[in-house]
2 protein chains.
Amino acid sequence: MTKIKESSTNFENKQALSSECMEVYAANLIGGQWTLAICCYLINGKLRFGELKKKLPNITERMMTLQLRKLEENKLVKRTVYAEVPPRVEYELTESGQRLKPILGMLEKWGKEHQLLMATD
Amino acid sequence: MTKIKESSTNFENKQALSSECMEVYAANLIGGQWTLAICCYLINGKLRFGELKKKLPNITERMMTLQLRKLEENKLVKRTVYAEVPPRVEYELTESGQRLKPILGMLEKWGKEHQLLMATD
DNA sequence: CAGAATCCATAAAGATACTG
DNA sequence: CAGTATCTTTATGGATTCTG
């Protein structure tokens, strides 16, 4: 009786997926609290759980697990478990995740410009 | 003693703005529940409160007000109040909001591709 | 018309402790 | 190491009623 749905950021029961435009669908996939941060760090290559955790000092393990599982479920991240002791799990972006790269680039550029605007006023 | 902060999606106290990359900052600005949906509809020109509400049948007035105020606060949306009876308020994207257009375009494209991937598997 | 004010339910996030 | 489990807190969203 494993509980799965705790933090699935509701794609199924909310409006976004069903009736809204594709941008909203996309935003729901990548707009989660830690989603983009994780993707940013994975875009340069695979990372282990602990390595990723180090880059996100403020995230709890619990949240990281939940977010990574969601990302995996949404096929943005691939999770590979190595049957070793001590355990090793590696996370990497999928093809689809990689294709976010140009979008991340534009977001970064837009963010910089916008931050400037927010400041000079 | 007006209460302002009820739904400000926490830029100030959370990690995103302070330590993370610019993509995360940007995502926090546009990643809110209704944010992108609203932007999508405003990208073709200004709309009144009621008109926008019609395009988002599932949003409550309360949420729309909150989201629009947040958008305004973040300078993505400009709010113009006309001193008329009955009252008229128009919402439109700011320059900065308009500059999201190419990003929305890419998100749409990516979303379509990704949705296909999610289906064929 | 375009909201503001309340009250309330649920969902998401955090702290902490524990484990294969 | 890479998580789980549990509990608590906080955030988010909704229903309803009221108003300039």
Side-chain angles (χ1 to χ4, degrees), chain A residues 1-16 20 28 31-35 37-38 42 46-73 77-92, chain B residues 1-16 20 24 28 31-35 37-38 46-73 77-92:
Chain A
M1 195 54 86
T2 45
K3 199 168 88 189
I4 302 188
K5 297 265 67 145
E6 186 184 355
S7 164
S8 75
T9 316
N10 46 53
F11 302 119
E12 38 285 334
N13 25 14
K14 290 263 173 88
Q15 160 186 46
E20 282 311 319
N28 275 335
Q33 174 79 135
W34 302 96
T35 318
I38 291 175
L42 289 182
K46 53 179 66 170
L47 288 176
R48 299 181 58 173
F49 187 90
E51 294 172 328
L52 196 50
K53 177 78 183 66
K54 277 199 200 77
K55 299 187 181 272
L56 297 163
N58 290 339
I59 200 174
T60 59
E61 294 179 355
R62 180 178 130 77
M63 270 305 109
M64 217 175 79
T65 303
L66 288 171
Q67 296 299 320
L68 282 169
R69 293 298 150 86
K70 194 179 80 182
L71 250 9
E72 193 190 358
E73 188 184 343
V77 162
K78 180 156 161 276
R79 178 169 177 265
T80 312
V81 184
Y82 296 88
E84 301 175 358
V85 177
R88 180 160 64 102
V89 181
E90 286 184 343
Y91 294 92
E92 63 190 309
Chain B
M1 195 55 83
T2 44
K3 198 166 89 186
I4 303 187
K5 297 268 67 149
E6 187 184 352
S7 165
S8 75
T9 316
N10 46 55
F11 302 117
E12 40 283 334
N13 23 15
K14 290 265 174 85
Q15 160 189 45
E20 284 310 320
V24 177
N28 275 334
Q33 173 80 139
W34 302 95
T35 319
I38 291 175
K46 54 178 66 169
L47 287 176
R48 299 181 59 173
F49 187 89
E51 294 171 330
L52 196 51
K53 176 79 183 63
K54 278 198 200 78
K55 297 186 181 277
L56 296 163
N58 291 338
I59 200 175
T60 58
E61 292 181 355
R62 180 176 129 78
M63 272 304 110
M64 215 174 81
T65 303
L66 289 171
Q67 297 298 319
L68 282 169
R69 291 300 149 85
K70 194 178 79 182
L71 250 10
E72 192 189 1
E73 189 184 343
V77 161
K78 181 156 160 278
R79 177 168 177 267
T80 313
V81 183
Y82 296 88
E84 303 175 355
V85 177
R88 180 160 64 103
V89 182
E90 284 184 345
Y91 294 92
E92 62 190 308

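Here is how names work: the chains are called A, B, and so on, in the same order as the sequence lines, proteins then strands, and each is numbered from 1.
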Item to check | Nucleotide dT12(D), atom C1' - distance to CE of Met64(B) in whole Å | outcome: 18 Å
Checklist outcome for this item: From CE of Met63(A) across to P of dT16(C) the rounded distance in Å is 15 Å
Item to check | Spacing of Ile59(B) atom CD1 relative to dG14(D) atom P, expressed in whole Å | outcome: 8 Å
Next on the checklist: Using 0.5 Å steps for rounding, measure from the CG atom of Leu66(B) to the CG atom of Leu71(B).
Outcome noted: 11.5 Å
Are any protein N/O atoms closer than 3.5 Å to N/O atoms in nucleotides 1-4 of chain C? If there are, list each pair with its distance.
{"from": "dC1(C)", "atom 1": "O3'", "to": "Arg48(B)", "atom 2": "NH2", "distance (Å)": "3.0"}
{"from": "dC1(C)", "atom 1": "O3'", "to": "Pro87(B)", "atom 2": "O", "distance (Å)": "3.4"}
{"from": "dA2(C)", "atom 1": "OP1", "to": "Arg48(B)", "atom 2": "NE", "distance (Å)": "2.8"}
{"from": "dA2(C)", "atom 1": "OP1", "to": "Arg48(B)", "atom 2": "NH2", "distance (Å)": "2.9"}
{"from": "dA2(C)", "atom 1": "OP2", "to": "Gly50(B)", "atom 2": "N", "distance (Å)": "3.0"}
{"from": "dG3(C)", "atom 1": "OP1", "to": "Arg69(B)", "atom 2": "NH2", "distance (Å)": "2.8"}
{"from": "dG3(C)", "atom 1": "OP1", "to": "Arg79(B)", "atom 2": "NE", "distance (Å)": "3.4"}
{"from": "dG3(C)", "atom 1": "OP1", "to": "Arg79(B)", "atom 2": "NH2", "distance (Å)": "2.8"}
{"from": "dG3(C)", "atom 1": "OP1", "to": "Tyr91(B)", "atom 2": "OH", "distance (Å)": "3.2"}
{"from": "dG3(C)", "atom 1": "OP2", "to": "Tyr91(B)", "atom 2": "OH", "distance (Å)": "2.5"}
{"from": "dG3(C)", "atom 1": "N7", "to": "Glu61(B)", "atom 2": "OE1", "distance (Å)": "3.1"}
{"from": "dA4(C)", "atom 1": "OP2", "to": "Arg69(B)", "atom 2": "NH1", "distance (Å)": "2.7"}

Item to check | Side-chain N,O (Gln67(B)) to OP1/OP2 (dT12(D)) below 4.0 Å | outcome: no
Checklist entry - Over how many whole Å does the gap from Asn28(A) atom CG to dA12(C) atom P extend? => result 11 Å
Item to check | Backbone of Ile59(A) reached by a side-chain donor or acceptor of Lys53(A) within 3.5 Å | outcome: yes
Checklist entry - So, do Phe49(A) and Met64(A) sit near enough that their side-chain heavy atoms are less than 4.5 Å apart? => result yes
Checklist outcome for this item: When rounded to the nearest 0.5 Å, the distance separating CD of Glu90(B) from NZ of Lys46(B) is 5.0 Å
Checklist entry - Atom CG of Leu66(B) to atom P of dA5(C): distance rounded to whole Å? => result 11 Å
Next on the checklist: If I take atom OG1 from residue Thr65(A) and atom CD from residue Glu72(A), how far apart are they, to the nearest 0.5 angstrom?
Outcome noted: 11.5 Å
Next on the checklist: Without decimals, in angstroms, what is the distance between Lys53(A) NZ and dT4(D) C1'?
Outcome noted: 16 Å
Item to check | Lys70(B) side, atom NZ; Met63(B) side, atom CE - distance, nearest 0.5 Å | outcome: 10.0 Å
Checklist entry - Side chains of Arg79(A) and Leu68(A): closer than 4.5 Å at any heavy-atom pair? => result no
Checklist outcome for this item: Rounded to 10°, the angle between the first-five-pair and last-five-pair axes of the helix from dC1(C)-dG20(D) to dG20(C)-dC1(D) is 60°
Item to check | Distance, rounded to the nearest Å, where Asn58(B) contributes CG and dG14(D) contributes P | outcome: 8 Å
Item to check | Non-hydrogen side-chain atoms of Thr35(A) and Gln67(A) separated by less than 4.5 Å | outcome: yes
Checklist entry - Which value, rounded to the nearest 0.5 Å, describes the distance between Arg48(A) atom CZ and Lys54(A) atom NZ? => result 9.0 Å
Next on the checklist: Measure CZ/Arg62(A) against P/dC18(C) and give the value in whole Å, please.
Outcome noted: 17 Å
